[in-house]
Amino acid sequence: MRALVELLDIALRWIHVVAAIMWVGNSLLFNWLDRNLRPAAEARDRSFGETWLLHSGAFYHVEKTLALGDVSPRSPHWFKWQAYTTWLSGAALLVAVYYATGGALLVNPASGLSAAAASAVGIGALLAGWLTYEAIWRSPLRRHTAVAAVLCLVLVLALGFLLGRLFTGRAAFLHVGALMGTVMAGNVRFHIMAAQRSFVAAMEAGQPVDERLAAAAKLRSIHNNYMTFPVIALMLSSHFPTLYSGRWGWAVLGVLIVGGAGIRHILNTRWSFGAWKPALAATMLATLGALHILTLPSSPASGSSVRVDQVVTFDDGYAVIQKRCAVCHSVSPSNRAFGAPAAGVSFDTPEAVRAMAARIEARAVTTKTMPPANQTWITDEERALLGSWAAQLRH
């Protein structure tokens with residue numbers, strides 16, 4: 001049964017990544033087209049312009065227009081299933097990885113939440129976040145774009161701060177990314193596609209297209225475009241504990257969102273922004289610099305009884321690992337929320353432990369992201385002991 005669950009996990013991740021690549025690729029392509037339209041050779045009413053592309057051994061002639069005259073669109077291609085598939089597969093993964101594993105990767109033990117309550121909080125956060133976004137951008141505040149955008153950012157960071165207290169850092173980051181993905185999919189489903197159906201219906205009826213719908217759809221499309229880079233970063237964050245394990249997780253979230261959107265903005269405006277290359281380099285360096293500062297490991301508090309230089313034997317460290325880590329990382333784990341052994345890593349023999357000493361130090365000592373949500377209640381003293389143990393093994 002476990003093998004079947006893991007196969008399903010792999011399939012869902014594969015589908016999710018492929019669909020996301022197609023969705024983001026479409027977004028970037030159409031954004032590029034919008035920035036590279038030129039006046040059509042033959043002036044047409046309500047035409048935004050045209051462009052020529054050269055690919056796969058032939059030319060593509062693309063024109064953007066709201067008026068086709070006496071020509072009806074024949075079998076138009078609807079760019080929607082990439083978005084829907086990305087969201088549906090992502091939602092399935094959220095359930096499989098976080099909600100159906102007894103809270104193993106979801107709950108921060110200090111929060112006192114049960115797995116069921118934490119799952120309800122996660123689902124509620126996604127729904128409430130999407131509804132709040134819709135309320136803001138349907139209200140008169142939408143006419144003040146900068147104010148509405150800053151308000152959304154503040155609310156997202158507040159949510160990240162709250163989830164960081166209730167969930168593990170990894171789960172908090174993934175839920176913020178899932179919220180942004182939900183907003184993006186909602187924009188496609190309820191705004192962009194609604195406008196496009198209206199366009200087609202108007203064309204078939206020989207009526208003019210409502211340009212207000214076009215403008216509203218374009219606004220939501222721009223929102224999605226600016227969220228692509230931050231969402232990708234948040235989806236990848238689960239592989240980098242340094243990002244989500246520190247005390248400044250909410251600030252790291254802010255840097256990833258602002259930095260990603262800033263980079264996207266520079267790339268969007270590079271055709272009219274002469275200094276875009278140095279600006280891009282400066283933004284990237286500033287983002288990486290801020291992330292480095294925010295993720296620096298904290299030192300033990302002054303007066304702490306934890307000693308990081310104590311001399312320990314191999315058996316001392318091995319005993320801690322067997323007590324705190326082998327419940328999951330074993331051929332026959334007592335905790336079966338994950339694979340057997342979890343992530344394919346087994347600590348059943350001293351040789352296996354020696355081979356993974358550097359990784360044990362990184363996860364259990366430096367980033368403190370193992371055990372997940374500290375389910376086995378490893379102490380600061382034991383982490384310090386493992387740090388000294390790993391240092392001695394290197395010499």
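Under a cut-off of 6.0 angstrom, the local environment of NZ in K218 is crowded, with over 12 non-hydrogen atoms contributed by other residues, nucleotides or ligands. The local environment of CH2 in W271 is crowded, with over 12 non-hydrogen atoms from other residues, nucleotides or ligands closer than 6.0 Å. When the shell of 6.0 Å around NE2 of H61 is examined, it contains more than 12 heavy atoms from other residues, nucleotides or ligands.
Aromatic ring pairs are classed by plane angle as parallel below 30°, tilted from 30° to 60° and perpendicular above 60°; the pair Y133 and H223 is perpendicular. Taking the six-membered ring for Trp and thresholds of 30 and 60 degrees, F347 and H329 have ring planes inclined between 30 and 60 degrees apart. Relative ring orientation between F314 and W389 is described as tilted, the plane-to-plane angle lying within the 30° to 60° band.
Minimum heavy-atom separation, F273 to A279: CE2-CB, 3.6 Å.
Note that R170 lies outside the cation-pi zone of Y244, set by a 6.0 Å cut-off to the ring centre and a 45° limit from the axis.
A donor-acceptor pair under 3.5 Å links the side-chain atoms of R142 to the main chain of S139, judged by distance alone. In terms of modelled atom types and a separation under 3.5 Å, the side chain of R35 and the main chain of N268 share a donor-acceptor contact. Side chain of S221 to backbone of A217: no donor-acceptor contact under 3.5 angstrom is found. A donor-acceptor pair under 3.5 Å is formed between the side chain of N36 and the backbone N or O of W32. The backbone N or O of T86 lies less than 3.5 Å from a partner atom in the side chain of S89, making a donor-acceptor pair. With hydrogens and angles disregarded, a donor-acceptor distance shorter than 3.5 Å links the side chain of N224 to the backbone of M184. E382 contributes a side-chain N or O that, together with a main-chain N or O of T379, makes up a donor-acceptor pair within less than 3.5 Å.
Taking the six-membered ring for Trp and the full ring otherwise, H77 and F79 have centroids separated by under 6.0 Å. Taking the six-membered ring for Trp and the full ring otherwise, W248 and F161 have centroids separated by 6.0 Å or more.
In this structure, the separation between CE on M193 and NZ on K80 is 4.5 Å, given to the nearest 0.5 Å.
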